[in-house]
Trainee: 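Mind looking over this structure? Questions follow.
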There are 2 protein chains.
Amino acid sequence: MRITSSIEYATRLMTTLSRAHGQAPLPAERLAETDNVPGDYVSQILVKLRRAGLVTSHRGSSGGYALSRPPAEITLGQVVRAVDGDVFEDVCGKYDGGAKDCRHQSGCTISPAWQKLGALVTGYFESVTLAAILEQDPARCAAPPAWLEKFSER
Amino acid sequence: MRITSSIEYATRLMTTLSRAHGQAPLPAERLAETDNVPGDYVSQILVKLRRAGLVTSHRGSSGGYALSRPPAEITLGQVVRAVDGDVFEDVCGKYDGGAKDCRHQSGCTISPAWQKLGALVTGYFESVTLAAILEQDPARCAAPPAWLEKFSER
DNA sequence: ACAATTCCTGACCTTTTTAGTCAAGAATGA
DNA sequence: TCATTCTTGACTAAAAAGGTCAGGAATTGT
């Protein structure tokens, strides 16, 4: 389980754009330098962000990209969905090993575990805004979530 | 972000082996049928599970695979690590866009977000045992984790 | 001892995804 | 009008995922 380059790049770009919010738009090339994103790749990512309505673009000299709304109103989840489609892909219906029906075998015993994981990841992504990323204190929220224990109860 | 086929298959196999715990070992072919895992692929996965010490194998007729310890002492995390190496891969040092140093740009602003996600996912995997998967009530633990809100505080 | 059963090892292959490049064109502002 | 900047979509290379195959070694039942 991993963060793809697109997501990593996109979040870098979005945090940089957050810092520049309210100021002049930043050209793609400038963003590529600042965030160390491969030159031509950055455009592809920015296009996806624009199509998702997260950034606006302006052509011509002194053009570039800017956030379409304040950093506090953009979540990591929106960024991830913009570039990768889904935050957490559904398992059901895949890996059926040739079976016609969904073979989440044995009455779908494990399906709830994936669903909970999906909800956990999705919930996290939705709860984190760009503003929070910029402002947060890294020391906060370090404690392990106590509610997780419930799952391992006998 | 998704569950790979190896992980899905491995967890199916492990739940089936959990049900058979204490009984005669199950041959790979039998497991393949039961869990709808492609015939020759199942052996590869079982080998990894064995090398990780999660299952034992016995050759010869009436041989097969069995859990090496009770279902309550095996976590999803152990299964995932057995087949895929890591539960959550580190982002730092990757996607540096040609830069020599780790370019988690701008003083590693986003790195804490990935680390928290990693801790969340890892914590979940470690908290879930095979016994819990078999015994749990799907209705439980459905509530969204309240502590997540802390991250989005302004 | 022998044959059937079952695991073991590692090479091999195909498909999909990831990651990135490139080029021609259209809009914009100075 | 000209330099700047975004737009579009095709293209490609490398890696990972997903799966297959074959020859060999151990074990058990007879």
Side-chain angles (χ1 to χ4, degrees), chain A residues 1-10 12-13 17 24-33 35-52 54-66 68 80 83-86 89 91 93-99 103, chain B residues 1-13 17 24-33 35-52 54-66 68 80 83-86 89 91 94-99 103:
Chain A
M1 199 157 273
R2 54 190 270 271
I3 300 298
T4 63
S5 67
S6 301
I7 294 178
E8 162 75 7
Y9 291 153
R12 278 189 214 166
L13 298 171
L17 289 173
L26 297 172
E29 196 181 355
R30 185 103 193 294
L31 284 166
E33 290 167 17
D35 287 329
N36 267 311
V37 179
D40 292 300
Y41 202 22
V42 78
S43 311
Q44 282 197 21
I45 296 169
L46 287 165
V47 150
K48 289 183 180 175
L49 293 171
R50 179 178 55 77
R51 287 183 180 148
L54 301 179
V55 303
T56 56
S57 62
H58 300 280
R59 300 200 230 198
S61 51
S62 80
Y65 293 90
S68 60
V80 170
V83 296
D84 264 17
D86 268 320
E89 199 173 315
V91 183
K94 306 181 66 172
Y95 316 130
D96 50 17
R103 279 302 218 161
Chain B
M1 198 156 274
R2 53 190 270 271
I3 300 298
T4 63
S5 67
S6 302
I7 294 179
E8 162 75 7
Y9 290 153
T11 52
R12 278 189 215 168
L13 297 172
L17 288 173
L26 298 172
E29 197 181 355
R30 185 102 193 294
L31 284 166
E33 291 167 15
D35 287 328
N36 267 312
V37 180
D40 292 298
Y41 201 21
V42 80
S43 312
Q44 282 197 21
I45 295 169
L46 286 166
V47 150
K48 289 183 179 176
L49 293 171
R50 178 178 56 78
R51 288 185 180 146
L54 300 179
V55 303
T56 57
S57 62
H58 299 281
R59 300 201 231 199
S61 51
S62 81
Y65 292 90
S68 61
V80 170
V83 296
D84 264 19
D86 268 321
E89 199 174 316
V91 183
K94 307 181 63 172
Y95 317 130
D96 50 17
R103 280 301 220 162

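Scope of the values below: all heavy atoms of this structure, side chains included, with no hydrogens, waters or symmetry mates.
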Trainee: Side-chain contact, heavy-atom cut-off 4.5 Å: A:S68 with A:V55?
Mentor: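 No, side chains not in contact.
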Trainee: Nearest whole Å is fine: how far is D:dA15 C1' from B:Y95 OH?
Mentor: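 Answer to the nearest Å: 11 Å.
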Trainee: Once you round it to whole Å, what is the distance between P of D:dT7 and NZ of A:K48?
Mentor: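 It works out to 15 Å between those atoms.
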Trainee: How does each nucleotide of nucleotides 20-30 of chain D score, in 5' to 3' order, for protein heavy atoms under 4.0 Å: base (B), sugar-phosphate only (S), or none (-)?
Mentor: BB---BSBBS-
Trainee: Roughly how many Å is it from CZ in A:R50 to C1' in D:dC6, rounded to a whole number?
Mentor: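 After rounding, the gap between these two atoms is 8 Å.
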Trainee: Taking it one step at a time, do A:M1 and B:I3 satisfy side chain to side chain contact (heavy atoms under 4.5 Å, CB included)?
Mentor: CA-CA 7 Å; A:M1 199 157 273; B:I3 300 298; 3.8 Å; yes
Trainee: Find the distance B:E89:CD to C:dT18:C1' and express it as a whole number of Å.
Mentor: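 Distance check: B:E89 CD to C:dT18 C1' gives 13 Å.
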Trainee: Distance check, rounded to the nearest 0.5 Å: A:K48 atom NZ versus A:S43 atom OG?
Mentor: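 Result: 12.5 Å between the selected atoms.
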Trainee: Indicate yes or no: at least one non-hydrogen side-chain atom of B:S57 is less than 4.5 angstrom from one of B:Y65.
Mentor: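 Yes - at least one pair of side-chain heavy atoms lies under 4.5 Å apart.
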Trainee: By side chain to side chain contact (heavy atoms under 4.5 Å, CB included), which residues pair with A:A24, not counting sequence neighbours?
Mentor: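 Side chain to side chain contact (heavy atoms under 4.5 Å, CB included) list for A:A24, sorted by chain: empty.
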Trainee: Starting at atom CD of A:E8, determine the distance to atom P of C:dA19, rounded to an integer number of angstrom.
Mentor: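 Taking CD of A:E8 and P of C:dA19, I get 11 Å after rounding.
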Trainee: Are B:S43 and C:dC8 close enough that a side-chain N or O sits under 4.0 Å from OP1 or OP2?
Mentor: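 No, outside the criterion.
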Trainee: For A:Y9 and C:dG20, is the shortest distance between a side-chain N/O and OP1 or OP2 below 4.0 Å?
Mentor: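 Checking A:Y9 against C:dG20: at least one side-chain N or O falls below 4.0 Å of OP1 or OP2.
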Trainee: Closest approach of B:Y9 and B:N36, non-hydrogen atoms and distance?
Mentor: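 Smallest heavy-atom distance, with atoms named: CE2-O, 4.1 Å.
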Trainee: Distance check needed: C:dT17 C1' versus B:M1 CE, whole Å only.
Mentor: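 For the pair B:M1 CE and C:dT17 C1', the rounded distance is 15 Å.
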Trainee: Would you say the side-chain atoms of A:S6 and A:Y41 include a donor-acceptor pair closer than 3.5 Å?
Mentor: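 Checked: A:S6/A:Y41 side chains pair up, N/O donor to acceptor below 3.5 Å.
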Trainee: Specify the separation, in whole Å, of atom CD1 of A:I45 and atom P of C:dG20.
Mentor: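 That distance rounds to 8 Å.
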Trainee: Taking only the side-chain heavy atoms of B:R2 (C-beta and beyond), determine which of D:dT7, D:dG18, C:dC8 contains the nearest atom.
Mentor: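 Within the option list, the nearest is D:dG18.
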Trainee: Going by heavy atoms closer than 4.0 Å, what residues in residues 24-31 of chain A are next to DNA chain C?
Mentor: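 None - not one residue of the stretch has a heavy atom sitting under 4.0 Å from the strand.
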Trainee: In whole Å, I'd like the distance from the CG atom of B:L46 to the P atom of C:dC7.
Mentor: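 About 8 Å, once rounded to whole Å.
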Trainee: I need the minimum non-hydrogen distance between A:I45 and A:V83, along with the two atoms involved.
Mentor: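 Looking at all heavy atoms of both residues, the closest pair is CG2-CG1, 4.1 Å.
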Trainee: Using the side chain to side chain contact (heavy atoms under 4.5 Å, CB included) definition, which of the options B:V37, B:L31, B:L54 pairs with B:L46?
Mentor: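 Testing B:L46 for a side chain to side chain contact (heavy atoms under 4.5 Å, CB included) against B:V37, B:L31, B:L54 leaves exactly one candidate, B:L31.
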